[in-house]
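To keep things clear, I will list the structure first and then write my remarks on it.
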Amino acid sequence: ADFADRAPLDTLHFWLGKSEQALGIDAKLAKNPAQAGIHFASARSEYDSVISISKFAASIWADNAVYEKAKIYYDEGAFTNAITDPQAFINSHSTSNVINSARFFLGRSYHESDINILNNELSAVQWYKMVDATSSLFDDAQFQIARIPFDKIPAGTTNPADYDAAIAS
């Protein structure tokens with residue numbers, strides 16, 4: 001079978017996936033986890049279609065679909081998978097056009113996860129530092145590195161020493 005004529009479908013499936021992913025984020029923010037789960041599952045399915053099509057026809061969306069599928073875990077707040085899936089993506093797609101996005105969101109996943117806090121901070125900084133200086137995410141990665149010490153300050157604190165310590169680090 002000739003699958004070359006299916007290539008335009010990858011664009012359709014990719015953008016349907018992005019739309020479902022955005023709807024999932026909206027539902028999550030609206031505190032509707034059931035609806036968010038439905039949209040995130042639909043997004044994964046659309047990205048799987050892009051990945052499947054790319055096996056038979058060249059696709060400009062294949063790397064993006066693999067990356068976005070991994071990023072859904074970050075969007076869901078499932079940080080264990082949000083760490084393992086992007087690491088696998090980075091290892092297998094090191095020349096991808098979305099490699100800096102994967103590095104940035106891997107840093108965010110470590111940063112926002114509450115599993116093993118000290119190692120997460122070190123890992124977050126490591127991944128943020130790997131975002132290339134030419135990337136549109138570079139400045140945000142640098143900001144996130146600077147923000148980490150302030151995230152340790154307890155909410156509502158009025159102790160100036162807490163802020164001084166964060167600034168010093």
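Treat the numbers as computed from the prediction; the structure is a model and nothing was measured.
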>> I'd like to check the side chain to side chain donor-acceptor pair (under 3.5 Å) partners of Ser101; sequence neighbours left out, ordered by chain and number.
In response: none

> Does Glu68 have any side chain to side chain donor-acceptor pair (under 3.5 Å) partners at least two apart in sequence or in another chain, and if so, which?
Replying inline: Lys18, Gln21

> Got a sec, which residues hit ring-ring contact (aromatic ring centres under 6.0 Å, His included) with Tyr74, two or more places apart in sequence or on another chain?
Replying inline: Phe105

>> According to ring-ring contact (aromatic ring centres under 6.0 Å, His included), who are the partners of Phe40, at least two apart in sequence or on a separate chain?
In response: none

> Taking only residues two or more places apart in sequence or in another chain, which ones pass ring-ring contact (aromatic ring centres under 6.0 Å, His included) with His93?
Replying inline: Phe89

> Side-chain contact, heavy-atom cut-off 4.5 Å: Val50 with Ser59?
Replying inline: yes

> Taking a hydrophobic cluster as the set of Ile, Leu, Val, Met, Phe, Trp and Tyr residues connected by side-chain heavy atoms closer than 4.5 Å, whether directly or through intermediates, do Tyr73 and Phe104 fall within one such cluster?
Replying inline: no

> Hey, are the side chains of Trp61 and His13 touching, using non-hydrogen atoms and a 4.5 Å cut-off?
Replying inline: no

> How many angstroms lie between NE2 in His39 and CG in Asp75, if you round to the nearest 0.5 Å?
Replying inline: 13.5 Å

> Which pairs count as salt bridge (charged side-chain N to carboxylate O under 4.0 Å, His left out) when at least one residue sits in residues 128-146, sequence neighbours excluded?
Replying inline: none

>> Taking side chain to side chain donor-acceptor pair (under 3.5 Å) as the definition, give me every residue that meets it alongside Asn64, ordered by chain and number, with sequence neighbours left out.
In response: none

> Which residues pass the side chain to side chain donor-acceptor pair (under 3.5 Å) test with Asp48, sequence neighbours left out?
Replying inline: Lys69

>> Test of understanding: with side chain to side chain contact (heavy atoms under 4.5 Å, CB included), list the residues that count as partners of Ile148, not counting sequence neighbours.
In response: His111, Glu121, Ala124, Val125, Tyr128

>> My understanding is that only residues two or more places apart in sequence, or in another chain, count here; which of them pass salt bridge (Lys or Arg N to Asp or Glu O under 4.0 Å) with Glu20?
In response: none

> Can you list every pair that meets side-chain hydrogen bond (donor to acceptor under 3.5 Å, both in side chains) and has a residue in residues 82-91, with sequence neighbours left out?
Replying inline: Gln87-Tyr110

> Which pairs, with at least one residue in residues 27-44 and sequence neighbours excluded, count as a salt bridge (charged side-chain N to carboxylate O under 4.0 Å, His left out)?
Replying inline: Arg44-Glu76

